[in-house]
Peer 1: 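Take a look at this one; I'll ask things after.
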Protein chains: 2
Amino acid sequence: MPRKSAQNYEVKILDAAETMIRSRGYNGVSFREIADAVGVKSSSVHYYYPTKGALGVAVARRYTDNFLKTLGNPEDASKDANEVLEKVRELARYSLKQEKLMCLCGMLGAEVADLPSEVADQTRSFFLLNSDWLVTALSRTDWGRAQTEKTLRKAALKALSTMEGALIVARSLGDPEIFEDIEMDELRV
Amino acid sequence: MPRKSAQNYEVKILDAAETMIRSRGYNGVSFREIADAVGVKSSSVHYYYPTKGALGVAVARRYTDNFLKTLGNPEDASKDANEVLEKVRELARYSLKQEKLMCLCGMLGAEVADLPSEVADQTRSFFLLNSDWLVTALSRTDWGRAQTEKTLRKAALKALSTMEGALIVARSLGDPEIFEDIEMDELRV
DNA sequence: GTCTATAATTTGATAGAC
DNA sequence: GTCTATCAAATTATAGAC
């Protein structure tokens with residue numbers, strides 16, 4: 001049995017690329033380093049993703065899908081509205097403390113002016129879908145029921161902003177516990 | 001009179017480097033592109049800043065100094081406390097709408113795990129000094145006078161986080177006006 | 001599907017002329 | 001203080017063997 005024929009490194013490549021982008025940024029990642037991390041040659045990365053842009057889009061799309069899947073249904077009737085909202089904060093906490101990485105789309109969002117347009121589009125989609133999710137979740141709370149759509153949208157955007165910024169500030173200051181100091185009242189209404 | 005002798009491009013080099021880092025990130029910037037933007041050769045950039053780390057530190061240090069200088073004295077008795085606090089929001093708004101750039105230290109903060117240690121240290125210093133400034137400014141407000149230092153520090157960190165995140169979210173969504181939707185109640189107490 | 005080999009370009013950095 | 005010239009290494013990407 002040949003050692004490396006008919007393998008499929010696609011998922012491992014996405015895993016390595018995601019981790020590296022979330023640590024170094026899109027411009028800080030190279031095909032060779034991804035390949036080294038997976039244990040293949042860079043040409044194998046190009047086999048699955050012909051260009052860096054194509055790889056970036058695939059990573060961002062999968063990240064967005066997984067993020068929303070982990071959040072679950074914002075209208076989940078079996079759960080308290082605040083319990084649902086807390087999941088956003090839990091995801092950010094996990095990113096910071098367990099993975100010790102940025103949110104992928106927080107990182108890409110900072111670099112957005114320099115990204116291939118297809119990657120920038122997928123980054124935009126992440127924030128659109130997450131603010132939609134938050135608007136729906138917030139509308140279920142006692143507070144949210146009495147608010148206009150516009151007010152809910154503002155609260156959603158603020159919660160997302162604070163979450164992304166909190167990762168940056170806590171990492172910059174070198175102390176993950178700072179995350180706990182940064183309140184997100186928008187997610188407890 | 002010789003064309004380019006005895007010139008001093010140091011400030012222009014810092015200007016170009018800052019603009020480019022704020023758009024592309026630290027890893028997305030090269031000595032040659034900075035040199036091209038200034039109209040010199042890359043060896044002239046190395047003359048002032050022998051390594052990329054040295055350049056990064058110089059840019060971050062100047063940015064921090066200018067930022068705090070623009071904010072002014074947080075205890076300025078001639079101004080209302082809320083008027084003073086609003087300056088943080090004004091600086092972020094200017095960055096987003098006029099310069100169309102990230103905050104330098106928001107960008108560096110996202111990449112902090114991959115920066116030369118001296119650049120990471122200066123990024124940390126930016127957030128430390130700014131949270132100190134905010135704690136002092138907040139302590140002058142009617143609300144702040146009644147709070148503990150710990151509570152003021154939390155509010156300061158949240159305001160900084162929301163500011164950095166708002167730049168990312170507004171830029172990712174491609175609409176600077178979104179910044180106005182993101183309330184920063186911490187700066188109006 | 002993975003490899004070797006290689007192309008064309010870019011990168012951070014240095015030596016030395018002026 | 002700025003330049004030309006150059007280096008070794010790294011980058012994205014492609015061609016073609018297996």
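Order of the sequence lines fixes the chain letters, A, B, ..., with proteins taken first and strands second; residue numbering starts at 1 for each chain.
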Peer 1: Could you tell me which residues satisfy side-chain contact (heavy atoms from CB on, under 4.5 Å) with B/Glu177, sequence neighbours excluded, listed by chain and number?
Peer 2: B/Lys97, B/Asp175, B/Glu180
Peer 1: Between atom CG in B/Asp36 and atom C1' in C/dT10, what is the gap in whole Å?
Peer 2: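 Atom-to-atom, B/Asp36 to C/dT10, this comes out as 12 Å.
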Peer 1: Closer than 4.0 Å, any side-chain N/O of A/Tyr47 to the OP1 or OP2 of C/dC3?
Peer 2: no
Peer 1: Has B/Arg24 got more than 12 heavy atoms of other residues, nucleotides or ligands less than 6.0 Å from its CZ?
Peer 2: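 Count over threshold, so yes.
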Peer 1: Rounded to the nearest 0.5 Å, what separation is found between the CD1 atom of A/Ile182 and the CZ atom of A/Arg89?
Peer 2: 8.0 Å
Peer 1: Measure CD1/A/Ile34 against C1'/D/dA13 and give the value in whole Å, please.
Peer 2: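 So the CD1-C1' distance, A/Ile34 to D/dA13, works out to 14 Å.
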Peer 1: Should the ring pair A/Phe126 and A/Phe67 be called parallel, tilted or perpendicular, given that the plane angle runs from 0 to 90° and is split at 30 and 60?
Peer 2: perpendicular
Peer 1: Can you build the contact string for nucleotides 12-18 of chain C? Use B for base contact, S for sugar-phosphate-only contact, and - for no protein heavy atom under 4.0 Å.
Peer 2: BBB----
Peer 1: Just the rounded figure in Å: distance from C1' of D/dA13 to NZ of A/Lys41.
Peer 2: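 Answer to the nearest Å: 16 Å.
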Peer 1: Using 4.0 Å as the upper bound for N to carboxylate O, is an ion pair formed by A/Asp132 and A/Arg153?
Peer 2: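 Here A/Arg153 pairs with A/Asp132 in a salt bridge, since their nearest N and O are under 4.0 Å apart.
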Peer 1: State plainly whether one hydrophobic cluster holds both A/Leu71 and A/Leu157, where clusters connect Ile, Leu, Val, Met, Phe, Trp and Tyr through side-chain heavy atoms under 4.5 angstrom apart.
Peer 2: yes
